[in-house]
Student: 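Have a look at this one.
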Amino acid sequence: MRHRRISLALFGFIALLCVVLTVGAPARAAPYAAMVMDARTGEVLHSRNADTRLHPASLTKMMTLYIAFEAVRLGEITMDTPVTISANAAAEPPSELGLRAGSRIALRYLVRAAAVRSANDAATAIGEAIEGSEAAFARRMNRTASALGMTRTTFRNAHGLTEEGHLSTARDMTVMGRRLFFDYPQYYNIFSRRSTDAGIATVRNTNRRFLDAYRGADGIKTGYTRAAGFNLVASAERGQERIIATVFGGQSTASRNQRIMELLDMGFARAPTRATIRRPSLPTYDNQPSRPGSPATLAVAQSIVPVRRPVREASPVLLAAIDAAVEDALEDAVTAPVEAPAAEDAPATADPTPEPSDAPAATLLAEAEVTEAMEPAQPEAIEVAALTPLDTSPAPRPLQLTEVVARAMPLEPEVVTRASSTGSRLYGVSLGRYPTRHGAERLLLTTALAELGTFDEALRRVVSRSGGFEARFDGMTEDQAARACARLMARAVTCTTYGP
């Protein structure tokens, strides 16, 4: 009995000692960092450790979603595209939607689950659907981060679970939140939904406590891992002001939310009531696309002016077709009825044979290796003056093949540079903003040559803007502008339409 009492007393002392040691040595918190930005201008209102590379956790999914929206805009995928879930995606740990390997689900439900539920399996499935594998998608994430100016961010996966080298900063994630708001406003509302239908389940927002607690809050994304702590990128709008704040390394959901609200209050107190909105341009990519359909800039490897080539280098098929057309025309001319007017005097309705068009010029442009190949058109018939039996003047010299080619295929392409901007022609297409006027003019000319027929009636114009020079095609109808931009986007060329 006595030994039993001693044992109990010893056990109690050890337990008390453990409690004291635990209280005296609190768990090591994740590193703290913060950033506050005026979303309208991009001006930094407060920062602390903002450029320290830390674990972003599920803030990563902001980039995953940004690329999903970009892929939809570029026509690589649609929100209704059914996605087959891989074993890799289905095996991702919670938070998850509960996807099963081999099942199929529309992309829109994966987007909702990743944005609202912060589902890791949904994020991985999005990456695999767009780029084929999670590794390829991570490479695209890094390329996009570089284009957005996120200079200290490196992604290794689509979901944000801790992985060596998967790091970002408070500054970069604040930039990411701002770009989601400005670049894809049509999808931004998803971040403020308290719950949403994710196809196989209704999911609740991991950020709903903050959304409900702070006036004007409408997003954006939470994140948590043991290595990262409690992270949050938040945005709120009051009146004409919009503030974005980021916190890394919170110690709990409650303390993180309290800190983010303090930062937002600081932002609203420091930001001017009125400010000129500096809307960022959509990103451009200098490197080659990772696979067909991925975004890339319209790059010109050499001079955009086609080099004059000897006629002998024209397509043999085209030359043979022109030769046959010339022989037929000469034969018809010899056997033509009397009193046919000379070709240069003939009225427009005298001969239905069309004049040589610009289509062969497009063929020369293709052979000159301008940005994209043009589809060669069939050669037009060559009009030859008919001879009259009563004409005593010497018969015209038969046309040589080289002369026919020279007439039918002008070597210098004609580019329309003037267009009417009156009446209904008040719309246009913008190719974005570029650092130099020369770069904007070069892109306009390249695009005009690559899209002969699309911008024939448009006026090429470079407009000086804050931060660069905007390349625009003016003087188009609303329908022409919409069709032209759709054609460019189908070739992964960034563009937007504008009007009165």
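Throughout, numbering of the chain's residues begins at 1 and tracks the sequence.
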Student: Show your reasoning for whether salt bridge (Lys or Arg N to Asp or Glu O under 4.0 Å) applies to Glu76 and Arg140.
Tutor: CA-CA 14 Å; Glu76 300 174 58; Arg140 179 162 176 177; 2.9 Å; yes
Student: Extract all donor-acceptor atom pairs below 3.5 Å that involve side chains of residues 110-119 and protein atoms in other chains or at least two apart in sequence.
Tutor:
residue	atom	partner	partner atom	Å
Arg112	NH1	Asp197	O	2.9
Arg117	NE	Ser95	OG	3.3
Ser118	OG	Ser58	OG	3.2
Ser118	OG	Lys61	NZ	3.3
Ser118	OG	Lys221	NZ	2.8

Student: Just by modelled atom types, is the Thr81 backbone N or O under 3.5 Å from a matching donor or acceptor in the Thr78 side chain?
Tutor: yes
Student: If I compare all heavy atoms of Ala458 with all of Met476, which pair ends up nearest, and what's the gap?
Tutor: CB-CG, 3.8 Å
Student: Between Val36 and Val44, does the side-chain contact (heavy atoms from CB on, under 4.5 Å) criterion hold? Intermediate values first, please.
Tutor: CA-CA 6 Å; Val36 181; Val44 175; over 6 Å; no
Student: Taking the side chain as every heavy atom from C-beta outward, state whether Thr60 and His166 have any atom pair closer than 4.5 Å.
Tutor: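 Thr60 reaches His166 side chain to side chain.
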Student: Within the 4.5 Å heavy-atom criterion, are Met63 and Leu148 side-chain neighbours or not?
Tutor: yes
Student: Looking at Asn49 and Thr52, would you say the former's side chain and the latter's main chain have a donor-acceptor pair under 3.5 Å?
Tutor: no
Student: Any ion pair linking Arg487 and Glu451 (charged N to carboxylate O, less than 4.0 Å)?
Tutor: yes
Student: Just verifying a value: how many Å separate Ser466 OG and Arg279 CZ, rounded to the nearest 0.5 Å?
Tutor: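 One finds 13.5 Å between OG of Ser466 and CZ of Arg279.
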Student: If I take atom OG1 from residue Thr246 and atom CE from residue Met173, how far apart are they, to the nearest 0.5 angstrom?
Tutor: 9.0 Å
Student: Kindly assign one of parallel, tilted or perpendicular to the pair Tyr187 and Phe69, based on the angle between their ring planes and the thresholds 30° and 60°.
Tutor: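 Because their plane-to-plane angle is under 30°, the rings of Tyr187 and Phe69 count as parallel.
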Student: Enter the distance from Met176:CE to Leu65:CG here, rounded to the nearest 0.5 Å.
Tutor: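 If I round to the nearest 0.5 Å, the distance is 9.0 Å.
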Student: Is the shortest side-chain heavy-atom distance between Thr174 and Val233 below 4.5 Å?
Tutor: no
Student: Could you please spell out the steps behind the side-chain contact (heavy atoms from CB on, under 4.5 Å) verdict for Ile67 and Phe137?
Tutor: CA-CA 9 Å; Ile67 294 178; Phe137 188 74; 3.6 Å; yes
Student: Report yes or no: is the cationic atom of Arg460 (NZ for Lys, CZ for Arg) under 6.0 Å from the centre of the six-membered ring of Phe473, at an angle within 45° of the ring normal?
Tutor: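 Judged by the rule (NZ or CZ under 6.0 Å from the ring centre, within 45° of its axis), Arg460 is not positioned above Phe473.
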Student: Quick one, Cys485 and Met489 - any side-chain contact, counting heavy atoms below 4.5 Å?
Tutor: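 Side chain of Cys485 against side chain of Met489, heavy atoms only: contact under 4.5 Å found.
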Student: Any chance you could lay out the side-chain contact (heavy atoms from CB on, under 4.5 Å) test for Ile277 and Thr41, step after step, and finish with the verdict?
Tutor: CA-CA 5 Å; Ile277 295 177; Thr41 63; over 6 Å; no
Student: Is there side-chain contact between Gln480 and Thr477, with heavy atoms separated by less than 4.5 Å?
Tutor: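 When only atoms from C-beta onward are counted, Thr477 and Gln480 do touch, with a gap below 4.5 Å.
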Student: Side-chain contact test, heavy atoms from C-beta onward, threshold under 4.5 Å: evaluate it for Ser146 versus Thr151 and give yes or no.
Tutor: no
Student: Is any side-chain heavy atom of Leu444 closer than 4.5 Å to a side-chain heavy atom of Leu431?
Tutor: yes
Student: To the nearest 0.5 Å, what is the distance between CZ (Phe248) and CG (Leu59)?
Tutor: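 If we round to the nearest 0.5 Å, Phe248:CZ and Leu59:CG are 5.0 Å apart.
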Student: How far apart are the closest heavy atoms of Ile220 and Asn207, and which atoms are they?
Tutor: N-ND2, 4.0 Å
Student: For Thr446 and Arg442, indicate whether the former's side chain and the latter's backbone hold a donor-acceptor pair under 3.5 Å.
Tutor: yes
Student: Less than 4.5 Å apart, side chain to side chain, heavy atoms only: is that true for Thr162 and Thr225?
Tutor: yes
Student: Under a 4.0 Å N-O cut-off, is there an ion pair linking Glu470 with Arg437?
Tutor: no
Student: Salt-bridge test for Asp51 and Arg152: reply yes if a basic N is under 4.0 Å from a carboxylate O, no otherwise.
Tutor: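 A salt bridge is absent here (no side-chain N lies under 4.0 Å from a carboxylate O).
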Student: Taking all non-hydrogen atoms of both residues, which atom of Arg178 and which atom of Ala39 are closest, and how far apart?
Tutor: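 In this case the closest contact between Arg178 and Ala39 is NE-O, 2.6 Å.
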Student: Distance-only, no hydrogens or angles: does the Asn189 side chain make a donor-acceptor pair with backbone N or O of Arg193 under 3.5 Å?
Tutor: no
Student: Please determine whether salt bridge (Lys or Arg N to Asp or Glu O under 4.0 Å) holds for the pair Arg40 and Glu237, giving the CA-CA distance in whole Å, both sets of side-chain angles, and the decisive distance to 0.1 Å.
Tutor: CA-CA 11 Å; Arg40 300 166 298 176; Glu237 183 177 40; over 6 Å; no
Student: Any donor and acceptor pair, going by atom type alone, linking the side chain of His55 with main-chain N or O of Ala57 inside 3.5 Å?
Tutor: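 No, the answer is negative, given that no donor and acceptor are paired below the 3.5 Å cut-off.
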Student: For a side-chain hydrogen bond (donor to acceptor under 3.5 Å, both in side chains) check, start with the C-alpha distance between Thr169 and Arg53, then their side-chain angles and the critical distance, and finish with the verdict.
Tutor: CA-CA 5 Å; Thr169 68; Arg53 284 164 55 85; over 6 Å; no
Student: Using modelled atom types only, decide if a donor and an acceptor are shared between the side chain of Asp38 and the backbone of Ile243 within a distance under 3.5 Å.
Tutor: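 The answer is no, because no donor-acceptor pair under 3.5 Å joins these two groups.
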Student: Any carboxylate oxygen within less than 4.0 angstrom of a Lys/Arg side-chain nitrogen, looking at Asp218 and Arg242?
Tutor: yes
Student: Can Val72 and Leu107 be said to form a side-chain contact (heavy atoms from CB on, under 4.5 Å), step by step?
Tutor: CA-CA 10 Å; Val72 171; Leu107 178 69; 4.2 Å; yes
Student: Rounded to the nearest 0.5 Å, how far apart are CG of Asn157 and CD of Glu163?
Tutor: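 Answer for the CG-CD pair, Asn157 versus Glu163, is 5.0 Å.
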Student: Taking NZ, NE, NH1 and NH2 as the nitrogens, is one of them in Glu441 or Arg472 under 4.0 Å from a carboxylate oxygen of the other?
Tutor: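 Arg472 and Glu441: not salt-bridged.
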Student: For a quick test of reading the model, state the closest non-hydrogen atom pair linking Val83 to Ala125 and the distance between them.
Tutor: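 For Val83 and Ala125, the tightest heavy-atom pair comes out as CG1-O, 4.0 Å.
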Student: Looking at every heavy atom in both Ala245 and Leu263, which two are closest together, and how far apart are they?
Tutor: CB-CB, 4.1 Å
Student: Could you check Tyr184, Phe181, Phe182, Phe155 and say which one makes a ring pair (Phe, Tyr, Trp, His ring centres under 6.0 Å) with Tyr66?
Tutor: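 Answer to the ring pair (Phe, Tyr, Trp, His ring centres under 6.0 Å) test with Tyr66 among Tyr184, Phe181, Phe182, Phe155: Tyr184.
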Student: Using a 3.5 Å distance criterion without hydrogens, assess whether the side chain of Arg270 forms a donor-acceptor pair with backbone atoms of Leu45.
Tutor: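 The answer is yes, because a donor-acceptor pair under 3.5 Å joins these two groups.
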Student: Rounded to the nearest 0.5 Å, what's the gap from CD1 on Ile126 to NE2 on His159? Could you check?
Tutor: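 Separation between the atoms: 12.0 Å.
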Student: Does a side chain donor of either Asn88 or Glu128 reach within less than 3.5 Å of an acceptor in the other side chain?
Tutor: yes
